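Keep in mind the model is a prediction, meaning the values are calculated, not measured.
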Amino acid sequence: MDRRAFLTAATAGLLVPHAAAPASASSRTLRSDPFTLGVASGDPSADGFVLWTRLAVDPLSDDGRGGMPSRDVEVDWQVSADERFSKIVRSGTATARASAAHSVHVELEGLQPGREYFYRFRGEGRLSPSGRTRTTPTGETPLTFAVAACAHFEHGYYTAYRRLAEQEPDLVVFLGDYLYEYAPSGYTALGRRVRTHTPGTCRTLADYRLRHAQYKSDRDLQAAHRVAPWLALFDDHEVENNWAGSHSSTDAPAFARRRAEAFRAYYENMPLRRAALHGASLRVNRRVSWGTLARFHLLDTRQFRDDQACSDGVRAGCDDRLDERRTLLGEDQWRWLESGLSASETRWNLLGQQILMAQRDFKVGPGREVNLDSWDGYAGERTRVLGALARTANPVVLTGDVHMHHAAELKTDFDDPDSPVVANEVVATSISSDGDGYRDKTFIAEALQENPHISYIDQRRGYLIARVTRDDLTVDYRTLDYISRRGAPATTSHRLTIPATTSAGALSAPHRPG
């Protein structure tokens, strides 16, 4: 069986246990298959990665516990060097605890660098689907990775996840809004609702667990998790729209508790390392290196920020947004980022973060209107970050949030045509948020005219596929014409090639990546 046949069979649930399958000591007592939410891996290193699953015999059980009993369940796991599991390299048993919604996080170490591996679980006599993952290399091995964001369940089918999986990237970078907290029809996409959310707005731990289970039940999303390890970040909707630090955007009571329970549910449902969860906080800013070729600097642009200036929204004339004392990253994360960029010795430095970093003027003609929830609302700190990127070897910023593909040049002064370009920003449109896409040529032409540092916009749904070598980084903007029904093909609507211009570890003057 070749790799594509293996992945297709795993997606369809056609792989069955054989003599090499792990044997659980427990008797088969669950009434049905507990692996309905699939499997996943994440945060790879040179000698390991995280394996994840969560047991749920009834994913949409109202209490958010997946129809599972109140007892803990022992789950066996295997890692193999081949897709037929004839070359088992590691195996063990983990406990799916009832207190953690029967989620399992296995952190592997001691494996060989730059290798492809396959994994699976078994519990209560039933075998999970199999997944593919990998360790990171130690040298300048080329990398193919996908970038995705924003997947509202009600707005459309997850065909983009399926098309992403079919391209078999080495890594998937997810930049936030994995789920949405709204009640059914709480946020409509051009008046259409293709599917229906679980009841009510997510406010409690049970609510968030149930919503995660609903999203994870989608077979196309499961396929995207099975094909490669993920680097996952949250944005706002994993908790509440446009929340900022300790501030609720809706003045919701007991917001601190709501945020903590949303974080807990997020950890339970994602392939994150145990060290990520710290009581009521969840640390997602971290670094992952792909050998000496590239380093991902992953940011948290929600948890440590000041409240949005001028009551948030898209507004004109907000001087507070320029205040250099206002922070988006928080002082500790800023120091972490600055030191990590300056110490990096990889050839490429990829900044994974959630919100548009480029200046974006929404007003046509004289004057300016900007989105105060984006980096435009924290312009002083953006200048600091861009200054650090100017001293970094081959920086590229990866962004989600805006539900449109963008290609932009980042400048220390966006209002000066002669200001040097310090980095490129590549923005992934949404997987499904805002429903079927479109191409409003008038809107695009006006947006590009008002923002000459932005060279490409596409309002359709999709994802990015990026290929990194020593010499360049090429980005394919993948788009789908519809998601209101299944089966749409994905095409490359635009290709951006960014040449490497500085050596690894070099501190140079600001440069023009192209």
May I ask you to decide whether [X] forms a salt bridge with [Y], counting only side-chain N to carboxylate O separations under 4.0 Å?
X	Y	answer
Arg460	Asp434	no
Asp218	Arg195	yes
Glu181	Arg211	no
Glu268	Arg54	no
Asp300	Arg283	no
Glu261	Arg264	no

I'd like to know if the side chain of [X] reaches the main chain of [Y], judged simply by a donor and an acceptor atom lying under 3.5 Å from each other, with no hydrogens or angles considered.
X	Y	answer
Asn269	Ala265	yes
Ser344	Leu341	no
Glu238	Tyr266	no
Asp58	Gly66	no
Asp47	Glu109	no
Arg132	Val227	yes
Thr204	Asp207	yes
Thr36	Ala56	yes
Thr141	Pro137	no

Could you work out, with side chain to side chain donor-acceptor pair (under 3.5 Å) as the rule, every residue matching [X], not counting sequence neighbours?
X	answer
Arg486	none
Thr492	Arg478
Thr491	none
Arg115	Gln112

How far does [atom1] of [X] sit from [atom2] of [Y], to the nearest 0.5 angstrom?
X	Y	atom1	atom2	value
Asn242	Gln308	CG	CD	5.5 Å
Asp458	Ser493	CG	OG	4.5 Å
Asp476	His405	CG	NE2	10.0 Å
Leu143	Thr469	CG	OG1	10.5 Å
Ile431	Leu164	CD1	CG	6.5 Å
Asp436	Gln459	CG	CD	13.0 Å

Assign the ring pair [X] / [Y] to parallel, tilted or perpendicular, where the plane angle (0 to 90°) is split at 30° and 60°.
X	Y	result
His403	Tyr187	parallel
Trp336	His297	perpendicular
Tyr180	Tyr182	parallel
Trp230	His225	parallel

Side-chain polar contacts of residues 145-153 - donor-acceptor pairs under 3.5 angstrom, sequence neighbours left out - could you list them?
from, atom 1, to, atom 2, distance (Å)
His152, ND1, Glu154, N, 3.1

_Once salt bridge (charged side-chain N to carboxylate O under 4.0 Å, His left out) is applied, do any residues pair with Asp72, and if so which ones, sequence neighbours excluded?_
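Only Arg97 meet the salt bridge (charged side-chain N to carboxylate O under 4.0 Å, His left out) criterion with Asp72.
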*Begin from the C-alpha positions of Phe296 and Asn349 and carry the test side-chain contact (heavy atoms from CB on, under 4.5 Å) through to its verdict.*
CA-CA 6 Å; Phe296 291 89; Asn349 286 275; over 6 Å; no
*Kindly say whether the aromatic ring centers of His278 and Phe263 come within a distance under 6.0 Å.*
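Distance test on ring centres: not under 6.0 Å, no.
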Close side-chain approach of [X] and [Y], heavy atoms under 4.5 Å:
X	Y	result
Leu473	Trp348	yes
Pro69	Leu30	yes
Leu329	Asn285	no
Arg305	Ile355	yes
His105	Leu51	no

*Report the C-alpha separation of Arg273 and Glu107 in whole Å, then their side-chain angles, then the decisive distance to 0.1 Å, and conclude whether the salt bridge (Lys or Arg N to Asp or Glu O under 4.0 Å) test is met.*
CA-CA 7 Å; Arg273 295 185 181 274; Glu107 297 185 25; 3.5 Å; yes
*side-chain contact (heavy atoms from CB on, under 4.5 Å) between Leu298 and Leu231: does it pass, once the steps are laid out?*
CA-CA 8 Å; Leu298 305 172; Leu231 305 181; 4.0 Å; yes
*Pair Ser249-Glu240, side-chain donor/acceptor within less than 3.5 Å*: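 Yes - a donor-acceptor pair under 3.5 Å links their side chains.
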*Stepwise side-chain contact (heavy atoms from CB on, under 4.5 Å) check, Tyr158 with Arg219*: CA-CA 9 Å; Tyr158 287 165; Arg219 292 296 183 92; over 6 Å; no
_Residue Arg65 excluded, over 12 heavy atoms near CZ under 6.0 Å_ =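 At most 12 heavy atoms, drawn from other residues, nucleotides or ligands, come within 6.0 Å of this atom.
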*Qualifying residue for side-chain contact (heavy atoms from CB on, under 4.5 Å) with Val468, from Val396, Thr144, Thr474, Leu293*: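 Only one of Val396, Thr144, Thr474, Leu293 forms a side-chain contact (heavy atoms from CB on, under 4.5 Å) with Val468, namely Leu293.
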*Within 45 degrees of the axis of the six-membered ring of Phe234 and under 6.0 Å from its centre: does Arg302 put its NZ or CZ there?*
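So Arg302 doesn't make the cation-pi contact.
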